[in-house]
There are 2 protein chains.
Amino acid sequence: MRPTVHDIAAEAGVSLATVDRVLNARPGVRQKTVAKVEAAVERLGYVRDVTAANLAKKRIYPLVFILPEGPNSFMRGLEAEIRAAMQRSPAERTSIRIETVPPFDAKAIVNILDSLDPAEVTGVALVATDTPDVTAAVGRLVENGVHVATLVSDLPGSQRIHYCGIDNLAAGRTAGGLIGRFRGGRAGKVLVVAGSMKLSDHMDRASGFAEVLAAEFPELEIVGPVETNDDADAVRQAVTAALEADAGITAIYSLGAGTRGLIEALAGQASRKLTVVAHEVTEHSRQALADGLFDAVINQDCGHEVRSAIRVLKARSDGLMPISAQERIRIDIFLRDNLP
Amino acid sequence: MRPTVHDIAAEAGVSLATVDRVLNARPGVRQKTVAKVEAAVERLGYVRDVTAANLAKKRIYPLVFILPEGPNSFMRGLEAEIRAAMQRSPAERTSIRIETVPPFDAKAIVNILDSLDPAEVTGVALVATDTPDVTAAVGRLVENGVHVATLVSDLPGSQRIHYCGIDNLAAGRTAGGLIGRFRGGRAGKVLVVAGSMKLSDHMDRASGFAEVLAAEFPELEIVGPVETNDDADAVRQAVTAALEADAGITAIYSLGAGTRGLIEALAGQASRKLTVVAHEVTEHSRQALADGLFDAVINQDCGHEVRSAIRVLKARSDGLMPISAQERIRIDIFLRDNLP
DNA sequence: CAATTTTTGATTTACGTACCTCAGAAATTC
DNA sequence: GAATTTCTGAGGTACGTAAATCAAAAATTG
């Protein structure tokens, strides 16, 4: 049997109340007595029964998720995962609220952040553009004791306690490695399509991609990146225009959203066999993989990201540091052959 | 506030004891009364507080893991993950024991399975060769009420309740898709190196690989598979011999273990630039990727597999069916660019 | 040494569920 | 309608921890 607080009390020769005071860092215990209790804990290998503790204190964690609204499939998938987490709320003792804002609207995010009552919210996870006003608003929240985590795209200079998402520099490098190897040494140009350079994830992917191409595949030349604000129609137009303007383009790296537009543009250029790598497994990209239109899709599991965000925010609310190694989100590569 | 059993009792107009009998499927309640309680549960949206329930019944789940001993890095990684799960035992209410057996020793596995006392073990997870005697021993155990899950490699015809591992047919197809694309349409031969065709995972990988090559990359011809019993020295010798015998080999797919031997063989053929895909991220394969000796490594996250096995065995012990969609283990692809 | 403050002990209630007993009510059978 | 069986109610204890109260003991101060 694992030891309980009673065993600790007996072992340390103190009362239950004192053990409780020490374990919960309550005041009014002499340093000498604290040491006695801690020694007993050590000797018996006591670990607090978290389920019993939670039952006793019936703590709940009010959390807020902020993410862009609109048709972006990835963001809608992310929202679905948050809703799935809401379903688990009773078991996880969370109380989750979702706030959506127009995409690329920093002001709207700032407004929501400023409207949150620190007394009623313990943690916030948000998907945001990396702009100074958002960073400042995050800082204000953190000052007021609310824990903030960034989701999908980081705010590097901010006070956020954790970034829940993939290493986008590595993702870009991976795309470079794949396209480089898929091209098998043949010279050509690679069109890079991005959403917005105000998004730190897009920035990082572009950098990582360029880095690997320069270092390992000098025969490939980058065209772009063109910015599309993640709008499918804009992607379609930009890609079509670029392909028609430059017959030397043999590959495309789409590092943002608007994948539907990319597929439409490729359908209009069916005669040209292009090597294509895009991001995020969605209904569209899945079909494009199956059809052989895409060669690979790089994915981040938004379910993992949401669950990680919740774990981290809960842990910090309890005064614990998240174990960063455990919270790393992996970069998934999907070919048509390993699609789930 | 979420409803409790007391609320259900009040709502249904019955006593606490009756609610308890209904919720825990105890006998002695008229069908009419059962319906009343169930209606109340439905109306109030009651969900049992699992932590409180676990606390009350202080159930523990005695589990046994069986896996091969020996220097195989992947298996040692697997064992490490099991030990990590043992560390979490108090919180997860498990009691885990590890049994190791000589690799490819079906008899030893059968002996252990037959020695287990169904009164003292609720679940078993095992890594096993797909032979009739093992399948039969699993059947005997299941008949005695012990739940059995296969780990890493499946026993397709057995009574196991669940297979915790990747879809190895898809893994083989993925390897085929990668090598095919990496070779970029250039004709050549691919050497396939396997451990043992008695392992269903190796069988499946070989099949999936051959399938994709035949369908999508007819310019690539398969040599092998050669069997090495996952022994590094055997791999080194087999690969060296094959490469020296056939100058047409331009790629290698190593679908088993003994990766160290493969690396040694490649080091001996440094002048020849081969496309190489292997399985499992280990110290050795990680280095080979970094050195550019391997182009890609296909991986299964054995931490996920162990955690999944525990979840599944616990769920079945509680009479629940595992949600198979949630328990699917993904196929990871690693290049040097996305190594964690 | 008395007065004060700090530390400790003893005890209780609560969290939500599981599981037990025993008495009494209701339904069924003869 | 009596005897039996089947249901139901009321109440309790337990799980391990949290959190509170109040009294008593110990240490510190003047």
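Here is how names work: the chains are called A, B, and so on, in the same order as the sequence lines, proteins then strands, and each is numbered from 1.
- For B/R48 and C/dG16, the shortest distance from a side-chain N or O to OP1 or OP2 is not below 4.0 Å.
- Residue A/L16 contributes atom CG, which lies 9 Å from atom P of D/dT17 at whole-angstrom precision.
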Please determine whether side chain to side chain donor-acceptor pair (under 3.5 Å) holds for the pair A/D201 and A/Y163, giving the CA-CA distance in whole Å, both sets of side-chain angles, and the decisive distance to 0.1 Å.
CA-CA 11 Å; A/D201 54 343; A/Y163 160 59; over 6 Å; no

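- Cation-pi contact between A/R59 and A/Y61: present, with separation from the ring centre below 6.0 Å and deviation from the ring axis of at most 45°.
- Distances were taken from every side-chain heavy atom of A/T4 (C-beta onward) to each of C/dG16, C/dT17, D/dT17; the shortest belongs to D/dT17.
- Nucleic acid contact for B/N24: sugar-phosphate only, since backbone atoms but no base atoms lie under 4.0 Å from a heavy atom of the residue.
- One atom, NZ of A/K58, and another, P of C/dT17, lie 12 Å apart when rounded to the nearest Å.
- Side-chain atoms of B/A53 lie closest to C/dT17 of the nucleotides D/dA18, C/dT17, D/dT17.
- Contacts of A/D20 with the nucleic acid, taken as non-hydrogen atoms under 4.0 Å apart, include base atoms.
- When heavy atoms are screened at a 4.0 angstrom cut-off, A/V14 is found touching the sugar-phosphate backbone but no base atom.
- Residue B/A52 places its side chain closer to C/dT17 than to any other of D/dA18, C/dT17, D/dT17.
- Across the protein-nucleic acid pair, A/D7 atom CG and D/dG16 atom C1' stand 11 Å apart, rounded to whole Å.
- Across every non-hydrogen atom of B/A309 and B/C164, the tightest pair is CA-SG, 3.5 Å.
- Straight-line distance from the CG atom of B/L55 to the P atom of C/dC19: 12 Å, rounded to whole Å.
- In this structure, CD in B/Q300 is found 4.0 Å from CZ in B/F74, a value given to the nearest 0.5 Å.
- Between A/T18 and C/dG9 there is a side-chain N or O to OP1 or OP2 distance below 4.0 Å.
- Rounded to whole Å, the distance from CZ on B/R93 to P on D/dC15 is 12 Å.
- Of the candidates C/dC19, D/dG9, C/dG16, D/dG9 carries the atom nearest the B/S15 side chain, counting heavy atoms from C-beta on.
- Across A/V124, A/V146, A/N144, A/V148, a single residue satisfies side chain to side chain contact (heavy atoms under 4.5 Å, CB included) together with A/L116, and that is A/V124.
- Between A/L23 and B/K32, the residue whose closest nucleotide on DNA chain D is further toward the 5' end is B/K32.
- Residues A/G13 and B/R26 each lie close to DNA chain C; by heavy-atom proximity, the contact nearer the 5' end of the strand is made by A/G13.
- Residue A/Y46 contributes atom OH, which lies 10 Å from atom C1' of D/dA18 at whole-angstrom precision.
- Between the base of C/dG9 and the side chain of A/R21 there is a donor-acceptor pair shorter than 3.5 Å.
- For the pair B/Q31 CD and C/dA27 P, the interatomic distance rounds to 16 Å; values are reported in whole Å.
- Note on B/A17: a base of the nucleic acid sits closer than 4.0 angstrom, heavy atoms only.
- Nucleotide D/dC15 holds its C1' atom 13 Å from the CG atom of B/D49, rounded to whole Å.
- Using a 3.5 Å distance cut-off with no hydrogens or angles, the side chains of A/N299 and A/R330 do not pair a donor with an acceptor.
- Residue A/R30 places at least one side-chain N or O closer than 4.0 Å to OP1 or OP2 of D/dA27.
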